[in-house]
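Here is the structure we will look at.
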Amino acid sequence: MDARFLGIADLVEAPSVAVVVDVMRAFTVAAWAFAQGAEKIVLAESPDEALALKARHPDWVALKDGPPAPGFDYVNSPGLLRSVDLGGRTVAQKTTAGTVGALAVKEASLVLCAGFVVAEATARLLRTRRSDGFTFVVTGDDGQADEDLACAQYIARRATGAETDAAEFLRRAAASRAAAELAEGVRQGVHPDDVALCLELDRFPFAMVAALEGSLMVLRPCAVPSAHDGQPVA
Ligand SMILES: O=C(O)[C@H](CS(=O)(=O)O)OP(=O)(O)O
Ligand SMILES: [Mg+2]
């Protein structure tokens, strides 16, 4: 299996299978939103689009990174989101890196969004795909964010079925600039548990698949039973 690791700016053509990785924090937050009952997440192009979607659908909730902002219900923090009941709700999410990365590959035939919390389910889903290669989008720091690269490399290894010790990959993520910035209060809209929550390996049993639904890029959880190993999915 051929794995490419690209930053968002390096994407010149739509990959066939794209795994968009944002450990800190967009896709850890997305996984927590599903765990808290959200039906789907619409990946918004801009803060204004997230607010416009919410205005059009008053039962939706809007979430963005950075500090709390007028019109937005939540910030991009797993620690803050984990106590919120999102049962049946649609979330419009806009972040600096993660949502931008997913929107950059919206023409791909399969788009998975991932972090350590859904690593094994993501790898399991990739194992069911007959594909010559996978493109991992390392969303942070122009493709240099080590928390995202470490997670992408870990998932790529697990996607081959190779036994892989996660410890070194998690250590790199814990030592990343993003982790330091979250811990030191450089980033805003942060809960003290955010870094630890982003490093919870396989916290959730589902993968997350994004696809165009009309003009919107919509992220949904996807159960990946281990019994399907080796069988292709649509
Ligand atoms: O919320 C985050 O951690 C970041 C925003 S920033 O890097 O602090 O500006 O967004 P994400 O898209 O989740 O990396
Ligand atoms: Mg990030």
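Note that ligands are numbered from 1 as they come in the structure, with each ligand's atoms numbered from 1 the same way.
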Protein residue, atom and distance nearest to atom 6 (S) of ligand 1, heavy-atom basis: Arg187 NH1, 3.9 Å

Arg25 contact mode with ligand 1 (heavy-atom cut-off under 4.0 Å): both

Sub-4.0 Å atoms of ligand 1 with respect to non-hydrogen atoms of Ala97: 11 (P), 12 (O), 14 (O)

Exercise: identify the closest heavy-atom pair between Ala31 and Phe204: CB-CD1, 3.6 Å

Region of Glu181 engaging ligand 1 - heavy atom pairs below 4.0 Å: neither

Over 12 foreign heavy atoms within 6.0 Å of CZ, Arg220: yes

Asp10 and Arg4 ion-paired at < 4.0 Å: no

Ligand 1 atoms in contact with Asp65 (distance to a heavy atom under 4.0 Å): 1 (O), 4 (C), 5 (C), 10 (O)

N/O separation below 3.5 Å, Gly98 to ligand 1: yes

Steps toward salt bridge (charged side-chain N to carboxylate O under 4.0 Å, His left out) verdict (Asp194, Arg187): CA-CA 11 Å; Asp194 277 359; Arg187 297 191 184 194; over 6 Å; no

Atom 9 (O) of ligand 1 [closest protein heavy-atom partner, distance rounded to 0.1 Å]: Thr96 OG1, 3.4 Å

Hphob cluster co-occupancy, Phe34 + Phe27, side-chain heavy atoms under 4.5 angstrom: yes

Lys/Arg N to Asp/Glu carboxylate O, Arg127 vs Glu120, below 4.0 Å: yes

Ala26 neighbourhood, listing ligand 1 atoms whose heavy-atom distance to it stays under 4.0 Å: 13 (O)

Met24 near the Mg ion (ligand 2) via N/O/S, less than 2.8 Å: yes

Worked verdict on Cys113 versus Met217 for side-chain contact (heavy atoms from CB on, under 4.5 Å): CA-CA 12 Å; Cys113 294; Met217 190 67 165; over 6 Å; no

Heavy-atom side-chain proximity of Met24 to Leu199 below 4.5 angstrom: yes

Nearest-contact summary for atom 11 (P) of ligand 1 - protein heavy atom, Å: Asp22 OD2, 3.1 Å

Glu147 near the Mg ion (ligand 2): N/O/S under 2.8 Å: no

Identity of the N, O or S atom of Asp22 lying closest to the Mg ion (ligand 2): OD1

